[in-house]
> 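Quick one: the structure is below, questions incoming.
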Amino acid sequence: MSTARPEPGQAWWRGAVIYQIYPRSFSDSNGDGIGDLPGITAHLDHIASLGVDGIWLSPFFTSPMKDFGYDVSDYVGVDPIFGTLADFDAMLARAHALGLKVIIDQVYSHTSDQHDWFCESRRDSTNPKADWYVWADAKPEGSPPSNWQSVFGGPAWTWDARRGQYYMHNFLKEQPQLNVRNPEVQDALLAVARFWLDRGVDGFRCDALNFAMHDPALTDNPPVLTPGKRTRPFDFQHHLYNQSHADILPFLTRLRRVADSYDGDRFLVAEVGGERADEEMKLYTQGTDRLQSAYGFLYLYASGLTPRLVEQGPAMWPGTPGEGWPSWTFSNHDAPRAVSRWADDRDSKAYAGMALLLLMCLRGNVFLYQGEELGLPQADVPFDRLVDPEAIANWPETLGRDGARTPIPWKTDNGFSGFSESEPWLPVDPRHEALTVEAQEQDPSSTLHLARDMVALRKAHPALRTGSMAVVTATDSLLVFERTEAGESLLCVFNLGHDHVAWSPPPGYTALQSVNGPAPGSGGLPPMAGLVLARMAG
């Protein structure tokens with residue numbers, strides 16, 4: 001296990017590798033087919049063995065699970081399917097004992113329609129929480145107040161006869177939009193943050209943060225006029241007015257002030273997607289009084305991994321004074337797994353190894369999604385087992401999210417791969433049964449062992465963890481970039497294409513790490529090769 005830690009005086013999160021846990025699918029301790037907090041605790045040693053700095057837990061809060069926890073009905077309660085607050089505290093204590101930081105999701109843009117706040121708000125227009133959500137009158141002919149569309153399909157407005165008004169929801173109709181512009185709502189959300197910080201969590205990943213506030217004039221969004229295939233009404237608009245209002249920024253300052261009132265470099269990272277994400281990520285992390293980092297979507301939905309795609313990262317985050325710090329991931333609970341998106345009929349194990357090395361060489365924080373250390377491909381979930389509302393609504397035009405959320409395979413047990421003693425909430429893909437943690441532990445050439453080596457490489461070299469990044473070459477296939485820090489200079493070289501490319505190391509460099517690399521004297525790089533070379537002293 002790697003024990004490398006940040007340099008003295010450097011925040012733990014800068015350049016950190018953080019392992020994302022999707023609790024429903026990690027490990028089931030009580031045999032109900034759904035992962036839970038005790039299941040996470042039981043496998044924290046596996047995560048610690050990777051050498052990562054911390055974990056991020058997707059929601060485990062009380063919820064009717066219409067959007068699998070992102071529809072929160074109690075921000076300070078643990079849903080019984082995941083356990084209890086005592087189970088959370090035990091998990092947190094064990095993680096900290098293993099040297100792992102713990103960050104958790106905070107969903108500030110919306111709640112469940114079963115949250116007590118909304119139940120009161122919808123009662124009438126004069127109750128104490130009447131203005132805690134976004135309500136608006138119908139247009140004279142009864143249509144919604146604006147043309148805004150929801151992410152999951154259909155108008156972003158639902159009529160409520162109790163109040164005789166529409167309420168706004170950027171996602172499911174069961175996820176009403178909070179009026180975060182209201183100071184009382186902000187105070188309530190910051191009280192939630194304090195509850196979890198008081199329990200000892202090390203930070204938050206703020207979900208869908210750019211959806212937190214909208215244009216109060218409810219101005220219609222303009223249409224997208226460029227041609228292209230669109231599977232959702234949401235995609236037909238430029239989202240200028242239903243999200244991303246400048247009033248979000250003062251709220252972030254309030255949140256940062258709360259986090260900074262606690263010891264230990266509490267870490268705040270924003271999830272920011274959409275057509276203006278580059279601009280918004282910079283705004284949300286600018287200076288020292290907003291969030292420290294933003295979770296970039298550059299790679300998450302990309303259909304192919306190319307040198308020119310990678311080149312966009314350092315162009316977006318060049319390291320200018322006052323700039324925030326990026327966070328990158330290739331896969332997560334919302335996007336199809338990277339190996340399946342990018343391998344393109346090539347050897348998936350070889351591709352997984354190359355992708356891991358590249359991810360660990362990028363400038364910024366790394367979020368490693370559960371199963372990525374095993375090289376898991378996107379699972380095939382048949383239609384009759386789909387549970388994701390987006391996948392069901394758009395099938396078969398989109399892959400949906402279920403295929404990235406299937407259970408982690410722990411053991412080769414001819415059952416449910418050690419995830420549960422019962423039929424899991426999503427099926428185990430037969431291809432995953434050969435990629436269990438148990439099987440890969442016994443194979444020194446496995447992706448799991450390689451993942452440990454890649455994390456250790458990053459942590460051993462300040463140039464990879466926190467250094468600058470400059471792209472040297474970015475052709476159709478060949479990617480070469482330099483990472484430098486405190487006198488250390490590393491050259492990172494990748495063949496992302498399908499064919500052999502001519503390349504030879506410059507004089508004065510020696511190899512530190514090779515994945516799928518060339519045989520000595522071969523005079524080039526085979527497909528899916530990755531190299532990290534260090535400039536020799538003198």
> Output yes when a side-chain donor or acceptor of Gln286 lies under 3.5 Å from a complementary backbone atom of Glu323, and no otherwise.
no

> Between Glu373 and His46, is there a side-chain donor-acceptor contact under 3.5 Å, judged purely by atom types and distance?
yes

> Donor-acceptor check, side chain of Gln378 to backbone of Arg337, threshold 3.5 angstrom: yes or no?
yes

> Any salt bridge between Asp289 and Arg254, counting N to O under 4.0 Å?
no

> Going by ring pair (Phe, Tyr, Trp, His ring centres under 6.0 Å), name the residues that satisfy it together with Phe251, two or more places apart in sequence or in a different chain.
Tyr108

> Residues two or more places apart in sequence or in another chain: which of them pass side chain to side chain donor-acceptor pair (under 3.5 Å) with Ser29?
Asp36

> Using only atom types and a distance under 3.5 Å, with no angle test, would you say the side chain of Asp28 pairs donor to acceptor with the backbone of Phe419?
no

> Could you tell me whether the side chains of Ser58 and Gln20 share a donor-acceptor contact shorter than 3.5 Å?
yes

> Quick one: do Asp278 and Arg276 make a salt bridge, cutoff under 4.0 Å?
no

> Name the one of Trp196, Phe82, Phe195 that satisfies ring pair (Phe, Tyr, Trp, His ring centres under 6.0 Å) with Phe88?
Trp196

> Given Trp56, which partner from the list Tyr19, Phe204, Tyr295 fulfils the ring pair (Phe, Tyr, Trp, His ring centres under 6.0 Å) test?
Tyr295

> With a 4.0 Å cut-off, would you call Asp89 and Arg94 a salt bridge?
no

> Would you call Asp235 and Lys229 a salt bridge, taking side-chain N to carboxylate O under 4.0 Å as the test?
no

> Under the criterion ring pair (Phe, Tyr, Trp, His ring centres under 6.0 Å), which of Tyr299, Phe367, Phe297 is the partner of Trp328?
Tyr299

> What pair of heavy atoms forms the shortest contact from Pro409 to Leu435, and how long is it?
CG-O, 4.2 Å

> Go through the structure and list residues passing side-chain contact (heavy atoms from CB on, under 4.5 Å) with Val224, not counting sequence neighbours.
Thr226, Arg230, His238

> Is there a donor-acceptor pair closer than 3.5 Å between any side-chain N or O of Glu433 and the backbone N or O of Ser417?
no

> So, Asn210 side chain and Val272 main chain: donor-acceptor pair closer than 3.5 Å or not?
no

> Let me know which of Pro462, Ser489, Cys492 forms a side-chain contact (heavy atoms from CB on, under 4.5 Å) with Arg483.
Cys492

> Between Trp13 and Phe267, how do the two ring planes meet: parallel, tilted or perpendicular, split at 30° and 60°?
parallel

> State plainly whether the residues Asp429 and Arg431 are in salt-bridge range, i.e. N to O under 4.0 Å.
yes

> Just by distance, do the side chain of Trp410 and the backbone of Phe26 share a donor-acceptor pair under 3.5 Å?
yes

> In residues 448-455, what donor-acceptor pairs under 3.5 Å come from side-chain atoms, sequence neighbours left out?
residue, atom, partner, partner atom, Å
His449, NE2, Gln440, O, 3.4
His449, NE2, Glu441, O, 3.0
Arg452, NE, Ser49, O, 3.3
Arg452, NE, Ser49, OG, 3.2
Arg452, NH1, Glu441, OE1, 3.2
Arg452, NH2, Ser49, OG, 2.9
Arg452, NH2, Glu441, OE2, 2.7

> Would His500 and Asn495 count as having a side-chain donor-acceptor pair, cut-off 3.5 Å?
no

> Report yes or no: does Arg194 contribute a side-chain atom to a donor-acceptor pair with the main-chain N or O of Leu189 at less than 3.5 Å?
no

> Check whether the ring centres of His239 and Phe234 lie less than 6.0 Å apart, and answer yes or no.
yes

> Considering residues, nucleotides and ligands other than Lys411, do more than 12 of their heavy atoms fall under 6.0 Å from its NZ?
no

> Okay, side chain of Arg256, backbone of Arg290: is any donor-acceptor separation there less than 3.5 Å?
yes

> According to the side-chain hydrogen bond (donor to acceptor under 3.5 Å, both in side chains) rule, which pairs have a member within residues 360-369, sequence neighbours left out?
Trp325-Asn365, Ser327-Asn365

> Closer than 4.0 angstrom, basic N to acidic O: yes or no for Arg465 and Glu488?
no

> Give a yes or no answer on whether the side chain of Arg205 reaches the backbone of Val269 with a donor-acceptor pair at less than 3.5 Å.
no

> Just jot down the ring pair (Phe, Tyr, Trp, His ring centres under 6.0 Å) partners of Trp342, sequence neighbours excluded, or say none.
Phe330

> Checking side-chain polar atoms at under 3.5 Å, does Ser244 have a donor or acceptor matched by the opposite partner on Glu280?
yes

> Hey, can you tell me if His333 and Tyr70 have their rings parallel, tilted or perpendicular (30° and 60° cut-offs)?
parallel

> Ignoring hydrogens and geometry, is there a side-chain-to-backbone donor-acceptor pair from Asp53 to Ala16 under 3.5 Å?
no

